[in-house]
Amino acid sequence: MTLRINCWSGPRNISTALMYSFRERVDTTVIDEPFYAHYLRVSGRKHPGYQEVLNSQDQYSEQVIENVIQSEYTTPVVFFKQMCHHLVEIDLSFFNNCSNILLIREPSLVIRSHAKNVPDLKVSDIGLDVQNSLLNRIIESGAVPIVVDSANLLMNPEAILKELCQHLGIAFDTSMLSWESGPKPEDGVWARHWYKNTHESSAFSNKESSRDPMPEKFLPVLEEATVLYDNLKKYACKGIE
């Protein structure tokens, strides 16, 4: 049976790095943001490379679920890098047939970074509201939530990845700790707009993030987002040495 893993992240997190980490496993296929074109079509949000993204993928979620999420793969593990805010007008009946990771990041850092490309940013643009909804869905199903805080992962990659793999029921592989720098064949066409820092990396790097003052217009967004983040953080992996 194929293990299908959805990694539900907000933007400007380390989701691409985590995708590259899983890509190093010989037993895993990785898929980059399969619902992106659907999201742009439904929401009308004008992201960088808008038309290019629409042209690169199926724009209808039903076909994405059938032809990508539920497709047959040659590897026993499939890792879908997913953006939470892409879940607009999507039937989530596939959700409980997958393992689901909630990848979170301190919202002040997300807002500072993402607002450079999305100047009218709202809480719904960073996905924490959706992540809390998914958290409730997981708990109601009787499953144990798998929450990864990027700060913990960057601080101690091996310990967090070991716990993550344990939750997923797969063996930890030391190959997950590093990768070759540069673009990957699996990258979406949007990579040139968003993946510069990750393409320069070859491992999880705990660099100090910008702590510039938060623009005043985003303070209400930060306040709302922090409450949502704090609720998710209670379930975050602590790591296995």
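Note that the numbering runs from 1 along the sequence shown for the chain.
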Side-chain heavy atoms of Ser201 within contact of Thr198, under 4.5 Å: yes

Given side-chain contact (heavy atoms from CB on, under 4.5 Å), test Phe172 with Leu177 step by step and report yes or no. CA-CA 10 Å; Phe172 168 71; Leu177 294 172; 4.1 Å; yes

Interatomic distance, OG@Ser15 vs CD1@Ile101, rounded to 0.5 Å, equals 11.0 Å

Is the terminal nitrogen or CZ of Arg23 (NZ for Lys, CZ for Arg) located under 6.0 angstrom from the six-membered ring centre of Phe79 and within 45° of that ring's axis? no

When you look at Ile138 and Phe95, which way does the side-chain contact (heavy atoms from CB on, under 4.5 Å) test go after all the steps? CA-CA 9 Å; Ile138 292 166; Phe95 185 86; 3.7 Å; yes

Is the number of heavy atoms from other residues, nucleotides or ligands under 6.0 Å of Lys238 NZ greater than 12? yes

CD1-CG distance between Ile111 and Leu121, expressed to the nearest 0.5 angstrom: 6.5 Å

For the atom pair CZ (Arg12) and OG (Ser9), what is the distance rounded to the nearest 0.5 Å? 10.5 Å

Aromatic centroids of Phe204 and Trp179 separated by under 6.0 Å: yes

Any side-chain heavy-atom pair from Val42 and Phe35 closer than 4.5 angstrom? no

One pair to check against side-chain hydrogen bond (donor to acceptor under 3.5 Å, both in side chains): Asn13 and Ser150. What are the steps and the verdict? CA-CA 7 Å; Asn13 203 336; Ser150 63; 3.3 Å; yes

Pair Asp32 + Lys81, salt bridge at N-O below 4.0 Å: yes

Val64 reachable from Tyr73 in the ILVMFWY side-chain graph, under 4.5 Å edges: yes

Return yes if a side-chain donor-acceptor contact under 3.5 Å exists between His199 and Asp187, otherwise no. yes

Quick check: is Val110 connected to Val130 through a chain of hydrophobic side chains (ILVMFWY, heavy atoms under 4.5 Å apart)? yes

Walk me through whether Lys122 and Glu224 qualify under salt bridge (charged side-chain N to carboxylate O under 4.0 Å, His left out). CA-CA 10 Å; Lys122 306 182 293 293; Glu224 184 181 351; over 6 Å; no

Please evaluate residues Ile170 and Phe22 with respect to the criterion side-chain contact (heavy atoms from CB on, under 4.5 Å), reporting the C-alpha separation (whole Å), side-chain torsions for both, the decisive distance (0.1 Å), and the verdict. CA-CA 11 Å; Ile170 56 178; Phe22 272 84; 4.1 Å; yes

Quick one: CG on Asp125 to NE2 on His85, what's the gap to the nearest 0.5 Å? 7.0 Å

Close side-chain approach of Cys237 to Val147, heavy-atom, < 4.5 Å: no

Got a donor-acceptor contact below 3.5 angstrom from the Asn152 side chain to the Val148 backbone? no

Counting only heavy atoms not in Glu180, do more than 12 fall under 6.0 Å of its CD? no

Looking at Glu223, I want to see if its CD is surrounded by more than 12 non-hydrogen atoms of other residues, nucleotides or ligands under 6.0 Å. no

Taking atom OG1 of Thr16 and atom CG of Leu18, what is their separation to the nearest 0.5 Å? 9.5 Å

Are Glu52 and Arg192 close enough for a salt bridge, meaning some N to O gap below 4.0 Å? yes

Sequence neighbours excluded, the answer for ring pair (Phe, Tyr, Trp, His ring centres under 6.0 Å) partners of Phe80 is none

Do Met83 and Leu134 share a hydrophobic cluster (ILVMFWY, side-chain heavy atoms under 4.5 Å, transitive)? no

Once you round to the nearest 0.5 Å, how far does CD1 of Ile126 lie from CZ of Arg105? 10.5 Å

Proximity of His86 and Tyr39 rings by center, below 6.0 Å: yes

Verify ring pair (Phe, Tyr, Trp, His ring centres under 6.0 Å) between His38 and Tyr60, making sure each step is shown before the conclusion. CA-CA 5 Å; His38 164 85; Tyr60 293 86; 7.7 Å; no

Would you check if there is a donor-acceptor pair between the side chains of Gln51 and Asn55 at a distance under 3.5 Å? yes

Could you tell me whether the side chain of Gln57 and the main chain of Ala37 form a donor-acceptor pair under 3.5 Å? yes

Taking the side chain as C-beta and beyond, is there a heavy-atom pair between Leu128 and Pro107 under 4.5 Å? yes

Examine distances only and state if a side-chain atom of Ser56 and a backbone atom of Val53 form a donor-acceptor pair shorter than 3.5 Å. yes

By side-chain hydrogen bond (donor to acceptor under 3.5 Å, both in side chains) - contacts of Tyr36 (at least two apart): His47

Check whether any side-chain N or O of Asn100 sits under 3.5 Å from a backbone N or O of Cys98 as a donor-acceptor pair, and report yes or no. yes

Applying salt bridge (Lys or Arg N to Asp or Glu O under 4.0 Å), which residue pairs with at least one partner in residues 146-170 are found, sequence neighbours left out? Glu158-Lys162

Joint cluster assignment, Ile90 & Leu102, ILVMFWY side-chain distance < 4.5 Å: yes

Thr29 side chain to Thr75 side chain, donor-acceptor N/O pair below 3.5 angstrom: yes

Run Arg41 and Leu54 through side-chain contact (heavy atoms from CB on, under 4.5 Å) and show every step you take. CA-CA 7 Å; Arg41 179 186 64 82; Leu54 289 178; 4.2 Å; yes

More than 12 heavy atoms of other residues, nucleotides or ligands under 6.0 Å from NZ of Lys233: yes or no? no

Going only through I, L, V, M, F, W and Y residues with side-chain contacts under 4.5 Å, is there a path from Met19 to Ile5? yes

So, Gln131 side chain and Leu103 main chain: donor-acceptor pair closer than 3.5 Å or not? yes

Are Leu135 and Asn231 side-chain neighbours, meaning at least one heavy-atom pair lies under 4.5 Å? yes

